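These figures come from a predicted structure and were not determined experimentally. The first residue in the sequence is number 1, and the count goes up from there.
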Amino acid sequence: MRVRLICGFSLLETLGSVVVLGILIAIAVPVVVGFKERADMFACAANMRSLYSGAAAYVQEHQNWPQISPPAQGGGLFSRMESRSVASQWIEALKPYGISRQTWRCPSIERLMRTKGKEGAVDKERIDYTPTRFGTGPLSPYQWPTHPWFIEVGAGHGGGPQIILTDGSVLSVQDVMRQVSR
């Protein structure tokens with residue numbers, strides 16, 4: 001007499017496995033998204049430190065802060081075109097110091113633009129870090145220790161936009177406000 005074994009899974013076992021996998025995925029997705037956001041925040045801070053290094057080298061060589069023409073006041077097409085030229089001027093001013101176009105772009109802002117379907121805006125000439133204006137004196141960028149050199153345009157990291165101060169430290173606006181209120 002031959003005994004024949006039939007191996008397989010019952011419907012209940014299969015459903016149990018699917019439920020367990022669903023729970024594991026539901027737990028893992030927010031963790032992965034959180035890692036991606038933190039990675040973007042650290043990449044943004046690295047960009048700001050690179051901008052700081054490039055601007056410091058510029059100040060050391062030229063004995064003043066880059067003197068970039070401000071955009072025209074108003075909200076018309078002409079001022080938007082001038083804003084792009086301001087971005088070009090900043091990109092060109094720090095290019096000799098190893099600052100590429102990509103360094104001026106925050107990864108969180110780029111990811112947000114892509115998810116909102118604004119692919120065309122990602123490729124346009126822009127800077128995601130607003131430089132502070134200083135005078136032409138050789139020490140003017142270093143006069144106030146808590147005065148930011150660059151401020152992030154967006155607030156994609158939580159805690160508000162990031163800023164880089166005269167000493168090269170990168171902080172969120174929320175952290176700066178906490179320090180000021182002490």
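Side-chain atoms of Asp40 never come within 3.5 Å of backbone atoms of Cys106 as a donor-acceptor pair (strictly under, hydrogens ignored). A donor-acceptor distance shorter than 3.5 angstrom exists from the side chain of Tyr52 to the backbone of Thr166, with no hydrogens or angles considered. Side-chain atoms of Glu61 do not come within 3.5 Å of backbone N or O of Val59 as any donor-acceptor pair. Glu152 places no side-chain N or O within 3.5 Å of a backbone atom of Pro161 that could act as its donor or acceptor partner.
With sequence neighbours left out, Leu112 forms a side-chain contact (heavy atoms from CB on, under 4.5 Å) with Thr115, Lys116. For Ser100, the side-chain contact (heavy atoms from CB on, under 4.5 Å) partners at least two apart in sequence or on another chain are Gln102, Thr103. In this structure Tyr142 satisfies the ring-ring contact (aromatic ring centres under 6.0 Å, His included) test together with Trp149, sequence neighbours excluded. With sequence neighbours left out, the side-chain contact (heavy atoms from CB on, under 4.5 Å) criterion links Gln63 to Pro138. In terms of the side-chain contact (heavy atoms from CB on, under 4.5 Å) criterion, residue partners of Thr132 (sequence neighbours excluded) are, by chain and number, Phe134, His147, Pro148.
Within 6.0 Å of atom CD in Glu13, more than 12 heavy atoms from other residues, nucleotides or ligands are found, so the atom counts as buried in its surroundings. By the 6.0 Å contact criterion, CG on Leu21 is enclosed, its count of non-hydrogen atoms from other residues, nucleotides or ligands being greater than 12.
Minimum heavy-atom separation, Gln162 to Val170: OE1-CG1, 3.4 Å. Pairing each heavy atom of Gly135 with each of Ser140, the nearest pair is O-OG, 3.0 Å. Across Leu94 and Leu51, no two heavy atoms sit closer than the pair CD1-O, 4.2 Å. The shortest non-hydrogen separation linking Trp90 to Pro66 is CZ3-CG, 3.6 Å.
Asn47 CG to Ile127 CD1: the interatomic distance, rounded to the nearest 0.5 Å, is 12.5 Å. The structure places CD1 of Ile164 at 12.0 Å from CD1 of Ile151, a figure rounded to the nearest 0.5 Å. Here the straight-line distance linking atom OG of Ser17 with atom CG of Leu12 works out to 9.5 Å at 0.5 Å rounding. Residue Arg49 holds its CZ atom at 8.0 Å from OG of Ser169, rounded to the nearest 0.5 Å. To the nearest 0.5 Å, the span separating CD on Gln67 from CH2 on Trp65 amounts to 10.0 Å.
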Under 3.5 Å, which donor-acceptor pairs link side chains of residues 27-36 to any protein atom two or more places apart or in another chain?
none

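Annotation: side chain of Arg126 is not in contact with side chain of Val153 (no heavy-atom distance under 4.5 Å). Taking the side chain as every heavy atom from C-beta outward, Phe42 and Pro107 never approach each other to under 4.5 Å. Within the 4.5 Å cutoff, side-chain heavy atoms of Cys44 are placed close to those of Tyr129.
Screening Ile23, Val18, Leu24 for a side-chain contact (heavy atoms from CB on, under 4.5 Å) involving Val20 leaves a single residue, Leu24.
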(request) Check the pair Met113 / Arg105 against side chain to side chain contact (heavy atoms under 4.5 Å, CB included), numbers first and verdict last. (result) CA-CA 12 Å; Met113 292 169 98; Arg105 296 179 174 207; over 6 Å; no
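A salt bridge does not link Glu37 to Arg111: none of the charged side-chain nitrogens sits closer than 4.0 Å to a carboxylate oxygen.
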